[in-house]
Amino acid sequence: MNAIAAPAVRSDARARSPNQRAWARFKRNRIGYVSLWIFLVLLVLATFAEFISNDRPLAAKYEGHWYFPVFDNPPETTFGGDFRTPTDWTDPLIVERFHRPGNWALHTLNPHSANSLDYFQKSPNPAPPDDKRFLGTDEVGRDMLARLIYGFRVSIWFALALTVVGTALGVIMGALQGYFGGRLDLTTQRLIEVWNSIPELYLLIIFASIFAPSLLLLLILLSLWGWIGLSDYVRAEFLRNRNLEFVKAARALGLSNWQIVRRHVAPNSMTPVITFLPFRMSGAILALTSLDFLGLGVPPSVPSLGDLLRQGKNNLDSWWIIVPTFVLLVVTMALLTFIGDALRDAFDTRKS
């Protein structure tokens, strides 16, 4: 029975594609597999932060009419107010109107947004946690839990964008150098060495003093240098794979350079690109956090984990600022590291 089953298992393994075998190896790394799902859940929750933490209700019913303020906040005159400004749902008049029979509002789990302020708060800021604010407030009076949720979303999506842009530039530059080689490779290498010698932090300081800080400006500036490290690995893979027998056979058959790269060289050169993605994301998160901590990142109105770390440094007695922010960063970095280790093992063909 065993002699019959063993060949069947081996033939089934050979029948699967390389990507399927890599996914099977990834799933066998339990820590990395679980970390991937935890990270995806956190990403989805942070992406839809408005439905979890918001000072506007998800839905409201007033005098028989339905409203969805989370999408379109009506003016307060709709509910008996005096001004045609967006409704402040913490206004005592609005709160009293929705306590009447037949009127109600469905609030989010955390009824605070990233920039909302409680003008009726009695404790000085930063206020400690209480029954209304689970993690207290920052030094300005904004809800800490909301700032963490929205700041995590900004950091994650900025890291994803920077990773995609930097990876695309690194793959393109490394592929051109590695596949064509010769003078193009030597010239590009010298230009990269010159470009890499430019002090990145000094340029960031200069541009921060000239232009208004924004995520787009940071994305452009960090992308100008973020591709260099990856391009070296892609270049080495293309240099190795372009001289293999199947590439020479494809060239002898008359395939164009683009066809050879797309069908043969690139698919066999993407292992370092894929395995480095989680580590590049963690580096992008740390870069944004560090720049925000130094005041060179996003505007003050944009939620930022680096800004919360700076506030924690300035208010060491307010543990509810520094501790949750530090824990969130550590957990995020750990998840990405575990995912990266699992990807590295998954694409290691020496492991069965």
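Everything quoted here is computed from the prediction, not taken from an experiment.
Looking only at distances, a side-chain donor or acceptor of Asp292 sits under 3.5 Å from a matching main-chain atom of Val298. Checked by atom type and distance alone, the side chain of Asp55 never pairs as donor or acceptor with a backbone atom of Ser116 at under 3.5 Å. No side-chain donor-acceptor contact under 3.5 Å links Ser53 to the backbone of Ala49. Looking at Trp225, its side chain does come within 3.5 Å of a backbone N or O of Trp195 through a donor-acceptor pair. A donor-acceptor pair under 3.5 Å is absent between the side-chain atoms of Thr87 and the main chain of Trp89, judged by distance alone. Looking at Glu96, its side chain never comes within 3.5 Å of a backbone N or O of Pro92 through a donor-acceptor pair. Not a single donor-acceptor pair under 3.5 Å links the side chain of Thr187 to the backbone N or O of Leu184. A donor-acceptor pair under 3.5 Å is absent between the side-chain atoms of Asp72 and the main chain of Phe68, judged by distance alone. Side-chain atoms of Ser197 come within 3.5 Å of backbone N or O of Val194 as a donor-acceptor pair. Of the possible polar contacts, one joining the Asn241 side chain to the Glu237 backbone as a donor-acceptor pair under 3.5 Å is found.
Shown here is Arg190, whose CZ atom has more than 12 heavy atoms of other residues, nucleotides or ligands within 6.0 Å. Environment of CG in Leu40: crowded, with over 12 heavy atoms of neighbouring residues, nucleotides or ligands closer than 6.0 Å. By the neighbour-count criterion of 12 heavy atoms within 6.0 Å, atom CZ of Arg84 is sparsely surrounded, having that number or fewer from other residues, nucleotides or ligands.
The pair Asp130-Arg133 does not meet the salt-bridge criterion, since no charged nitrogen lies less than 4.0 angstrom from a carboxylate oxygen. For Asp232 and Arg235, the salt-bridge test fails: no basic side-chain N is under 4.0 Å from an acidic carboxylate O.
No side-chain heavy atom of Asn103 sits less than 4.5 Å from a side-chain heavy atom of Lys61. In this structure, Leu58 and His107 have side chains that are not in contact, with every pair of non-hydrogen atoms separated by 4.5 Å or more. Within the 4.5 Å cutoff, no side-chain heavy atoms of Ile220 are placed close to those of Val165. Looking at heavy atoms from C-beta onward, Ser269 lies in side-chain contact with Phe238 at the 4.5 angstrom threshold. The shortest side-chain heavy-atom distance between Leu45 and Ile52 falls under the 4.5 Å cut-off. Residues Pro324 and Val327 are not in side-chain contact: their nearest non-hydrogen atoms beyond the backbone lie 4.5 Å or more apart. Between Pro213 and Leu217 there is no side-chain heavy-atom pair separated by less than 4.5 Å.
The NZ atom of Lys27 lies 11.5 Å from the CG atom of Leu36; values are rounded to the nearest 0.5 Å. Going from atom CG of Leu219 over to atom OG of Ser214 covers 9.5 Å, rounded to the nearest 0.5 Å. To the nearest 0.5 Å, the span separating CG on Leu288 from CG on Leu162 amounts to 9.0 Å. Atom CG in Leu204 sits 5.5 Å away from atom CG in Leu291 (nearest 0.5 Å).
Between Tyr179 and Arg242, the shortest heavy-atom distance links the atoms O-NH1, 2.9 Å. Minimum interatomic distance between Pro272 and Leu230 (heavy atoms only, all atoms of both residues): O-CD1, 4.5 Å. Closest non-hydrogen pair, Met281 versus Ala159, comes out as O-CB, 3.6 Å.
Each of Leu216 and Ile206 belongs to its own hydrophobic cluster when Ile, Leu, Val, Met, Phe, Trp and Tyr are linked at side-chain heavy-atom distances under 4.5 angstrom. Transitive grouping of hydrophobic side chains (ILVMFWY, heavy atoms separated by less than 4.5 Å) keeps Val331 and Phe338 in distinct clusters. Leu286 is connected to Ile339 through a chain of hydrophobic side-chain contacts under 4.5 Å among Ile, Leu, Val, Met, Phe, Trp and Tyr, so both are in one cluster.
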side-chain hydrogen bond (donor to acceptor under 3.5 Å, both in side chains) between Asn115 and Arg147, intermediate numbers included: CA-CA 8 Å; Asn115 293 312; Arg147 297 291 289 184; 2.9 Å; yes

One pair to check against side-chain hydrogen bond (donor to acceptor under 3.5 Å, both in side chains): Thr90 and Asp88. What are the steps and the verdict? CA-CA 5 Å; Thr90 62; Asp88 180 6; 2.8 Å; yes

Pair Arg97, Glu76 - check salt bridge (charged side-chain N to carboxylate O under 4.0 Å, His left out), show working. CA-CA 11 Å; Arg97 293 297 174 92; Glu76 69 173 35; over 6 Å; no

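Between Tyr233 and Phe276, the two ring planes are perpendicular [angle over 60°; tilted spans 30° to 60°]. Ring geometry, Tyr67 versus Phe79: the interplanar angle exceeds 60°, so the pair is classed perpendicular (tilted spans 30 to 60°). In this pair, Phe211 and Phe207 present their aromatic rings parallel. The plane angle is below 30°, not in the 30 to 60° band.
Between Tyr62 and Trp104, the distance separating the two ring centers is not shorter than 6.0 angstrom. Aromatic pair Phe347/Phe26: centroids not less than 6.0 angstrom apart.
Inspection of the Asp143 and Asn110 side chains reveals an N or O donor paired with an N or O acceptor under 3.5 Å. Under 3.5 Å, the side chains of Asn125 and Glu139 contain no donor-acceptor pair of N or O atoms.
Each of Leu191, Leu186, Asp185, Ile192 was compared with Thr188 under the side-chain contact (heavy atoms from CB on, under 4.5 Å) criterion, and only Ile192 meets it.
Applying the ring-ring contact (aromatic ring centres under 6.0 Å, His included) definition to pairs two or more places apart or across chains, none involves residues 282-329.
Annotation: side chain to side chain contact (heavy atoms under 4.5 Å, CB included) contacts of Thr332 (sequence neighbours excluded): Phe152, Ile156, Ile285, Leu328, Leu336.
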